[in-house]
Every structure is written in structure tokens, then in C-alpha cells.
2 protein chains.
Amino acid sequence: MSLENILLGILKRPAAGYDIKRQFETVFNHFWHADLTQIYRALNRMEKDGLLESRLEPSERGPARKVYRRTPAGSRTLAEWLRGGPVLGNEKFAYLAQIHFLDEIEPAQAEEFFDTLREELVTQLSTLDAIEQEWRTEAGEGFPDTLDDEDFHTWLTLDMGLRKTRALVEWVEASIARLRGRRER
Amino acid sequence: MSLENILLGILKRPAAGYDIKRQFETVFNHFWHADLTQIYRALNRMEKDGLLESRLEPSERGPARKVYRRTPAGSRTLAEWLRGGPVLGNEKFAYLAQIHFLDEIEPAQAEEFFDTLREELVTQLSTLDAIEQEWRTEAGEGFPDTLDDEDFHTWLTLDMGLRKTRALVEWVEASIARLRGRRER
DNA sequence: CAGTTCTATATGCATCCGCATATAGATGCA
DNA sequence: TGCATCTATATGCGGATGCATATAGAACTG
């Protein structure tokens, strides 16, 4: 199960379910979605299975938090998942499917679809760009090679997000231009 | 529900569940996964809901097939889905999450991970490339603008797949080089 | 000090999903 | 003719998922 392994990965540092949810909304946003209730249930299940342990800690700004940390069994499970190689073949990308069928609606509406998509992607891209800029200014010369192992891998996924999103934006813009061209003919 | 809408899209042309499964394995492979039993169950459900109708037809190479076609209600449902704009926020991309945590295993194994990923992506890319080449030679001058509306939108998703996968391959190769560099230092 | 918002966790319920398995016609081949 | 393989559809079951909803402490707001 990917979700459980992702939670194990995040729990390299102790965290509560609510923290994790926010991580899904920012860092993981462009490649994995998880519902809050799903996270809480997974955490409970994983504690029962001995992959995690928790303790209640007072919060600085709200009710008590249940802070989870990985057990050695949890770390082993995560390592096995990673050693198993890339998990491929479960990709979900709804809007690509939609584009496949976009000839079923009127050209004007299809263009509106693309405009909306473009806006969303540009927003995603600038979020990622901002994160990278922050890293870049914090780290000194030789960035990103001077990062420690953990940060380096985090940066790799960020770089991936940037490249993927840039490619997407270029494609959307090219598509919009082509659609306009077709309409004018 | 995205799956049902995707099925409606595919059923622009009548098809049986088994045909649809093969479409998922080829055209839709890089952006949507669906299990055979899931497809059959969705088709049954959708017929009950009046989105599809079916009739048994003899097969050329096996038992009788249940060939489905869209009803007007089905077409309306699909159009609504598309007019609703891009469905974002449900993306699932397990291997990207894995990369995020790859510092948890030994560098040699992490590199192996990337090598495997690279191979898979290159295979995906050449599949897409082959499809595009075929289109390109079949269609004459002015490709892709001379395609009819349906083919044009299909080509757009293909182009998207190509750009996205190319960006991914470039990134994997850059990442491998960076990892090698770090190891040597 | 009442109301709203944010933090924080949890449950109920209906449906979805994935895996194993059943059934069976058609084809090929040894 | 027996057996494997491919085509084709379906069900049972356990667990995952998504949405609505409950509960409640803490902070801010008028």
C-alpha cells in the first residue's frame, strides 16, 4: 500500500496527523492526494500493526496532538518498499483523460477548459518555483550538490515537479495556440 | 466519478469490456489505471443507470461479447463532466513519492532504482514516439492541424504524454549524473 | 461573552477497488 | 482428444476511499 509507505517516509520526523495533512497539501500536492480521515485511519491501523507508536503532546495552538514516530519495523517496511524499485502502473491523472474527449464539447468551451488548466498549472509552477528559490538562497555555492542526502532527495522531487509542470505549461500554451488557429480557419 | 466518465468517452464507439481493457493498457496506460473487474462492474452499473445500453454480439475469436453503446443520457453526463473544467487534485504518482524518501536506502540501491525507472520511462517514450510517427506518416502535410476534431484531441493527449515523458527522462538522467557525482566525492 | 475560525482527532456509511476465483466458448497444437 | 491459451464476463470478499458529521480545545473578533 503506497499511502502507508508514504506516511512512513514522512514520519522520518515525528508528526501528528494534522501536520501530515498539511504536507500532503504542499509538498506532495502535485503527485499524491490523501484525505484527512484516510490519514487518521491509516495512522491508527499502522500503530496497531506495530509500524508506528504515538504519544499525546500538548499543542501550542490547539487541543492535544497525537504525535507519531516510526518503529524499527516501520523503517524496515519502508526500506523494503523502496528496495522493490519504482511502483509503476497505478498512475491517475483525470484531466488528461478529459482532454482526450474534449472534442465532445463546443470548441469555445474546450478553450475555456484549457485556459482554466493553464491558470492552475501556472499557480502550481510558481509555488514550486518559490520553494526552490528559498532553498537556493538559503544554501550557498554549489547548490544543489552541497545539500545533505536527505535534502538532496527532497530537492530531486522538487526539481522533478518543476520540470514536469514546466513541460505541462508549455504544452497547454501550445495547445491553446493550435486550437485558436483551428478556429480561425 | 472519473472512471465512469472515461468509459463514456471511450464508448463514443461501441465496444465490449474486454476491448476497453486493452485500451486502458495501451492509450490510457500512462495516465489512468483500471482493473478488468472494475470495468465490468462499472459497465453493468452504468447500464442499470441508463447511461449505456448493451447487446450480445458473436465474437470472431471467442465467446459472445456484450457490446455497449452510449445512450443520450450517457452523452449528456460526459459533456457535463467536461464542461465542469479540469478535474485536479486527485493525482497519484507512487514512484515520485518513493524518490522523495530514497535517502533511506543505500546510495547504490538508490541508483539502481533510478536505472530501473529510466528504462521504464524510455520504453514508455518509445511507445508514444512510435504511435506519433505512425500518425505523422499517415497524415500528410500540415500535421497535426489537418486532423479532424476527434483525432486532433487524441493527438493533443499524445503530445502531452510525449512532452511529459521526455521531461521525466531528462530529469532521471540528470539525477543519475548528480548521484554519481556525489558518490565520487 | 457569544460567535467564528483554526487546530485536532474520530466514526458511520456507502461505494470503490484489487485480488482470487468461477465459468465457459474458441483456437491451436501435440 | 486432451490440454493449454486466449477471449469474454462475472461474483465474493476484505479492505480502501470519500463524504458527511461529531466532538472539542484554543484563539481571535466584535
Side-chain angles (χ1 to χ4, degrees), chain A residues 1-8 10-11 14-26 28 32-49 51-68 81 87-94 97, chain B residues 1-8 10-11 14-26 28 32-49 51-69 87-94 97:
Chain A
M1 251 219 50
S2 294
L3 175 64
E4 295 198 359
N5 285 296
I6 293 173
L7 291 176
L8 286 171
I10 291 173
L11 288 170
Y18 204 74
D19 302 324
I20 296 174
K21 172 58 181 164
R22 262 174 306 182
Q23 287 206 46
F24 272 100
E25 280 165 354
T26 53
F28 291 85
W32 199 275
H33 172 263
D35 185 79
L36 230 195
T37 67
Q38 203 188 337
I39 293 169
Y40 283 122
R41 266 187 280 231
L43 292 172
N44 275 314
R45 186 169 64 236
M46 289 161 75
E47 183 169 26
K48 214 180 60 201
D49 294 345
L51 302 174
L52 300 178
E53 47 188 29
S54 71
R55 65 169 186 231
L56 281 173
E57 287 182 19
S59 167
E60 283 172 17
R61 44 166 84 203
R65 298 147 42 77
K66 205 163 155 187
V67 176
Y68 288 89
W81 185 57
V87 174
L88 287 145
N90 287 41
E91 285 82 311
K92 301 228 161 167
F93 232 125
Chain B
M1 249 219 50
S2 293
L3 175 63
E4 294 198 0
N5 286 296
I6 293 173
L7 292 175
L8 286 172
I10 291 174
L11 287 170
Y18 204 74
D19 302 324
I20 294 173
K21 172 58 181 164
R22 263 174 305 184
Q23 287 206 48
F24 272 100
E25 279 165 354
T26 53
F28 292 84
W32 199 274
H33 172 264
D35 186 79
L36 229 195
T37 65
Q38 202 188 337
I39 293 169
Y40 283 123
R41 267 187 278 231
L43 291 172
N44 275 314
R45 187 169 62 234
M46 289 161 75
E47 183 168 26
K48 212 179 63 201
D49 295 343
L51 303 173
L52 301 177
E53 48 188 29
S54 72
R55 64 170 187 234
L56 281 172
E57 286 181 19
S59 166
E60 283 172 16
R61 42 167 80 202
R65 299 146 41 78
K66 205 162 154 186
V67 176
Y68 289 88
R69 47 201 91 223
V87 174
L88 286 145
N90 288 38
E91 284 80 301
K92 301 228 161 165
F93 239 120

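Proteins come first, then strands; the chains are lettered A, B, ... in the order of their sequence lines, and each starts at number 1.
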Mind checking [X] for me? I need base, sugar-phosphate or nothing, with any heavy atom below 4.0 Å counting as a touch.
| X | answer |
| --- | --- |
| B:Ala42 | nothing |
| B:Ala16 | sugar-phosphate |
| B:Leu36 | base |

Spell out, as yes or no, whether a donor-acceptor pair under 3.5 Å connects the side chain of [X] to the backbone of [Y].
| X | Y | value |
| --- | --- | --- |
| A:Asp35 | A:Thr37 | yes |
| B:Asp19 | B:Ala16 | yes |
| A:Lys21 | A:Ala34 | yes |
| B:Glu25 | B:Gln23 | no |

Measure [atom1]/[X] against [atom2]/[N] and give the value in whole Å, please.
| X | N | atom1 | atom2 | value |
| --- | --- | --- | --- | --- |
| B:Met46 | D:dT9 | CE | C1' | 17 Å |
| A:Ile39 | D:dG18 | CD1 | P | 10 Å |
| A:Asp35 | D:dG15 | CG | P | 20 Å |
| B:Tyr68 | D:dA8 | OH | P | 14 Å |
| B:Leu3 | C:dC16 | CG | P | 9 Å |
| A:Asn90 | C:dC17 | CG | P | 12 Å |
| B:Leu7 | C:dC17 | CG | P | 10 Å |
| A:Asp19 | C:dC6 | CG | P | 17 Å |

**OP:** Report the nucleotide, chosen from D:dT17, C:dA10, D:dA24, that has the shortest atom-to-atom distance to any side-chain atom of A:Met1.
**Re:** D:dT17
**OP:** Can you figure out which of D:dA10, C:dA10, D:dC19 approaches the side chain of B:Tyr40 most closely?
**Re:** D:dA10
Measuring to OP1 and OP2 of [N], would you say a side-chain N or O of [X] lies under 4.0 angstrom away?
| X | N | value |
| --- | --- | --- |
| B:Arg61 | C:dG28 | no |
| B:Gln38 | C:dC16 | no |
| B:Arg65 | D:dA8 | yes |
| B:Asn44 | D:dT9 | no |
| A:Lys21 | C:dT7 | no |
| B:Ser59 | D:dA8 | yes |

Original post:
In terms of the nearest nucleotide of DNA chain D, which residue is placed more toward the 5' end: A:Glu4 or B:Gly17?
Top reply: B:Gly17
Original post:
Has the side chain of A:Arg45 got a donor or acceptor atom sitting under 3.5 Å from an opposite partner on the base of D:dG14?
Top reply: no
Original post:
If you take atom types as modelled and just measure distance, does the side chain of B:Thr37 reach the base of C:dC17 with a donor-acceptor pair under 3.5 Å?
Top reply: no
Original post:
So do the side chains of A:Phe24 and A:Leu36 get within less than 4.5 Å of each other, counting heavy atoms only?
Top reply: no
Original post:
Hey, is A:Glu57 close enough to A:Lys66 for a salt bridge, meaning N to O under 4.0 Å?
Top reply: no
